[in-house]
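Taking it in order: structure first as structure tokens, then the write-up.
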Amino acid sequence: MKLKLKNVFLAYFLVSIAGLLYALVQLGQPCDCLPPLRAAAEQLRQKDLRISQLQADLRRPPPVPAQPPEPEALPTIYVITPTYARLVQKAELIRLSQTLSLVPRLHWLLVEDAESPTPLVSGLLAASGLLFTHLAVLTPKAQRLREGEPGWVRPRGVEQRNKALDWLRGRGGAVGGEKDPPPPGTQGVVYFADDDNTYSRELFKEMRWTRGVSVWPVGLVGGLRFEGPRVQDGRVVGFHTAWEPNRPFPLDMAGFAVALPLLLGKPNAQFDATAPRGHLESSLLSHLVDPKDLEPRAANCTQVLVWHTRTEKPKMKQEEQLQRQGQGSDPAIEV
């Protein structure tokens, strides 16, 4: 038994000595563990750096949000609207006035086709809360539509739009609201907004900084889904239209705006009541700009922000029948 224990001890001692010698030999060999250690250390350093950056961001005050210009710093938009007496007149003017009330720095030039201002329009303007100028001029009899004639036979609103241009040029004529025209040097833009169209308020943001004549598409006009300029590399190169595409400016009245200084600098520029069908817009624009110099807006004329809508003419058969019986609607109630 003693010999066996002695042998085991001797074997254990020899193995231990061999292991120690092997370890001492390995200490002198190059170690390949450094690259992984360096990579791990670099990862830790990057994490520490990111944590430091995040901590610095948390300590930094939040950025001040971009502030829109004060309304006083914006160019004024002069919206010219011709209007005439009819059953839907008040409804359409109310709708338009409420759209315009969403637009800062706007001056509404409402021009009646009448010898003098009517109580309906005067009251509507006074209640609108808008800065306005009330004008009135009667369309000459020779230019009026005759009974049964379609609306496209004769241009409408010509005298009224020209009356507003006269007022802007200091030729007076206001019957209500702001009587004084803008002083020389006023920065602004002029837009012709009929009372039966539908307007996005985004449209007025697009036209605000017009330098000459800005343009955009108009929806539901000319027998098309939309009509307007074709743009390439930021320049107007043609027009999407189906009717008389060779017109100088095949644009709808709602499809352009004019910088006020440009308009005032061209005192003879106005609408021509004798212009052929579809050429009314061209009769003004031809005095102001070349087609190649038009300024495309609304994402290079790819967005429709105004629509040539029309209110259906009400049918009054029952009203007429009641009137014949002496029981018509109370005329003192304004519709």
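No experiment lies behind these values; they were computed from the predicted model shown.
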I want to check something: taking the side chain as every heavy atom from C-beta on, are [X] and [Y] in contact at a cut-off of under 4.5 Å?
X	Y	result
P82	D113	no
L294	V289	yes
P296	P229	no
L106	Y191	no
I77	R208	yes
K313	L87	no
Y84	Q160	no
L93	K90	no

Name every donor-acceptor pair, under 3.5 Å, that has one atom in a side chain of residues 234-261 and the other anywhere in the protein, sequence neighbours excluded.
{"residue": "R235", "atom": "NH2", "partner": "K292", "partner atom": "O", "Å": "3.4"}
{"residue": "T241", "atom": "OG1", "partner": "E227", "partner atom": "OE2", "Å": "2.6"}
{"residue": "T241", "atom": "OG1", "partner": "R247", "partner atom": "NH2", "Å": "3.4"}
{"residue": "E244", "atom": "OE1", "partner": "H279", "partner atom": "NE2", "Å": "3.1"}
{"residue": "R247", "atom": "NE", "partner": "W243", "partner atom": "O", "Å": "3.4"}
{"residue": "R247", "atom": "NE", "partner": "E244", "partner atom": "O", "Å": "3.0"}
{"residue": "R247", "atom": "NH1", "partner": "G278", "partner atom": "O", "Å": "3.0"}
{"residue": "R247", "atom": "NH2", "partner": "W243", "partner atom": "O", "Å": "3.0"}
{"residue": "D252", "atom": "OD2", "partner": "A254", "partner atom": "N", "Å": "2.9"}

Looking only at heavy atoms, what is the nearest atom pair of [X] and [Y], with distance?
X	Y	value
P117	H134	CB-CE1, 3.3 Å
L263	R169	O-NH2, 3.2 Å
L305	A298	CD1-CB, 4.1 Å
P217	V306	O-CG1, 3.7 Å

Do [X] and [Y] have a side chain donor and acceptor closer than 3.5 Å?
X	Y	answer
T309	T198	yes
E295	T210	no
Q270	H287	no
W108	T81	yes

[X] side chain to [Y] main-chain N or O, any donor-acceptor pair under 3.5 Å?
X	Y	answer
S101	Q98	yes
R201	L102	no
Q143	A273	no
R144	T139	yes

Sole residue of E42, Q43, R50 in side chain to side chain donor-acceptor pair (under 3.5 Å) with Q46: E42
Calculate, to the nearest 0.5 Å, the distance between atoms [atom1] and [atom2] belonging to [X] and [Y] respectively.
X	Y	atom1	atom2	result
R297	Q303	CZ	CD	13.0 Å
S97	E92	OG	CD	12.0 Å
Q187	L74	CD	CG	12.5 Å
F271	F192	CZ	CZ	4.0 Å
L135	T83	CG	OG1	12.5 Å

Parallel, tilted or perpendicular: ring planes of F204 versus Y199, cut at 30 and 60 degrees: tilted
Residue pair E319, S329: steps toward the side chain to side chain donor-acceptor pair (under 3.5 Å) verdict: CA-CA 7 Å; E319 180 69 38; S329 301; 2.6 Å; yes
